[in-house]
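Just follow the structure's listing: the first ligand is 1, and inside any ligand the first atom is 1.
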Amino acid sequence: VGLPNVGKSTLFKALTKKQVDIANYPFCTIQPNTGVVKVPDNRLDQLSRLNNSAQIIPASIEFVDIAGLVKGAHKGEGLGNQFLSHIREVDAIAHVVRAFVDKDVVHVSGAPDPKGDIETINLELIYADMATVEKRIASVRSQLKSGSDKKIEELLALLEKLKSTLDAGRLASTIELTLEEKKSIRDLSLLTLKPYIFVLNTDESGSVDASLADVIAESTQSATSVTLCAKIESEMAELTPEEIAELGLASTGLDTLIRTAYETLYLITYFTSGPKETRAWTITRGTKAPQAAGEIHTDFEKGFIRAEVINWKDLVDACGELAAKEKGLIRLEGKEYVVQDGDVMVFRFA
Ligand code: GDP
């Protein structure tokens with residue numbers, strides 16, 4: 001998300017290497033564009049080389065390019081609520097902030113003002129959440145009229161706490177919530193409760209105003225931010241990896257954004273690797289072996305017996321499975337094993 005003309009489409013195009021409508025007009029991208037992007041991971045190449053894999057299947061992440069939010073979107077300004085409903089469906093929000101100066105590119109409120117822009121977008125999301133919370137408060141209150149219930153009273157108290165936080169102009173994510181509390185309000189899909197990444201779109205020099213960092217720290221608890229120049233990234237996206245290497249460039253901005261998105265969602269990767277393919281599987285941090293196996297096939301989960309596990313680096317250092325086995329580096333793990341990022345797994349199932 002972001003205001004119009006901050007570089008969202010440029011960045012999205014670079015991300016997906018897909019042509020999307022880039023124009024110097026505030027409301028040009030009406031339908032959300034989605035793109036599925038590879039998660040860069042050089043462990044895949046090393047494992048694939050080790051096992052002479054015929055193909056590599058990386059993890060992926062889906063990006064949605066949501067057209068510009070403007071001040072007043074929650075009241076239906078611009079394409080208003082249509083955008084907000086698209087944002088509701090995502091797992092994390094990447095907020096693109098214009099930190100580049102270019103007098104040929106129109107800024108919605110006159111001049112680029114990263115701080116002001118962050119506040120504008122935050123406020124729109126806060127207003128949208130406020131409406132959601134108020135609606136729920138009203139329905140919970142009327143529920144309580146027909147008889148008191150401890151659970152519903154607790155929910156009301158939580159909703160009121162959320163409301164006063166939002167009223168004070170703070171994101172819902174600034175409140176510490178227990179797992180139970182999170183569950184009780186999950187169906188509200190609050191926008192300001194979602195993980196948040198700031199993407200600072202700088203100009204070609206790559207410099208950012210130092211005070212911006214403070215604004216970001218204030219407005220979000222986790223303050224994850226990625227700095228890149230969308231224009232350069234989009235030009236680099238047209239080049240082949242060989243051309244990029246020749247120029248001595250590295251596509252770090254985009255790679256960092258993709259990896260940051262993955263990590264912000266608490267996602268980790270385990271691998272399967274053999275002559276047919278080396279493949280990355282995506283799981284949430286804390287997933288146990290049977291559920292991890294279920295990512296491959298539900299039968300693997302249902303009939304799970306045990307898993308053979310080795311860290312990818314140990315496997316590469318040992319120069320293969322046979323040698324790793326001889327050295328006793330391959331462990332047998334059961335149903336309670338919590339899969340770790342970088343595990344290479346073989347599942348035994350009935
Ligand atoms: P969106 O409305 O947020 O999707 O913005 P666009 O991606 O369409 O970008 C709006 C205009 O800003 C386009 O003319 C881009 O070429 C330009 N632009 C985007 N990123 C940069 C950047 O990093 N530097 C400069 N100078 N221009 C940029």
Atom indices of ligand 1 within 4.0 angstrom of [X] heavy atoms, with elements:
X      : answer
Leu3   : 3 (O)
Cys229 : 23 (O)
Val6   : 1 (P), 3 (O), 5 (O)
Thr202 : 23 (O)
Ala230 : 20 (N), 23 (O)
Asn5   : 1 (P), 2 (O), 3 (O), 5 (O), 10 (C)
Ser9   : 1 (P), 4 (O), 7 (O), 8 (O)
Lys8   : 1 (P), 2 (O), 3 (O), 4 (O), 5 (O), 7 (O)

Practice task
Please check if any side-chain donor atom of Ser53 sits under 3.5 Å from a side-chain acceptor atom of Thr278, or the reverse.
Solution key: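 The answer is yes; a qualifying pair exists.
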Handout entry: Within reach of ligand 1, part of Asn201 (heavy-atom separation under 4.0 Å)
Key =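 Under 4.0 Å from ligand 1, Asn201 contributes side-chain atoms alone.
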Handout entry: Check ion pair Arg348-Glu333 (N to O, under 4.0 angstrom)
Key =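 Here Arg348 does not pair with Glu333 in a salt bridge, since their nearest N and O are not under 4.0 Å apart.
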Handout entry: Ion pair Lys231/Glu235, N-O distance below 4.0 Å
Key =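 No, Lys231 and Glu235 are not salt-bridged.
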Exercise for the section: Indicate yes or no: at least one non-hydrogen side-chain atom of Leu158 is less than 4.5 angstrom from one of Leu177. Expected result: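 Sidechains of Leu177 and Leu158: in contact.
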Practice task
Would you check if Leu44 and Phe271 make a side-chain contact, meaning some heavy-atom pair closer than 4.5 Å?
Solution key: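 The answer is yes, as the side chains (C-beta and beyond) meet within the 4.5 Å cut-off.
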Handout entry: Polar side-chain atom of Glu62 near backbone of Ser60 as donor-acceptor pair, under 3.5 Å
Key =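 Not confirmed, Glu62 side chain does not pair with Ser60 backbone.
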Handout entry: Donor-acceptor contact below 3.5 Å, side chain Lys302 vs main chain His297
Key =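 The answer is no, because no donor-acceptor pair under 3.5 Å joins these two groups.
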Practice task
Just go through Gly2, Ala14, Pro4, Gly7 and tell me whose heavy atom is the nearest to atom 5 (O) of ligand 1.
Solution key: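 Minimum heavy-atom distance to atom 5 (O) of ligand 1 goes to Gly7.
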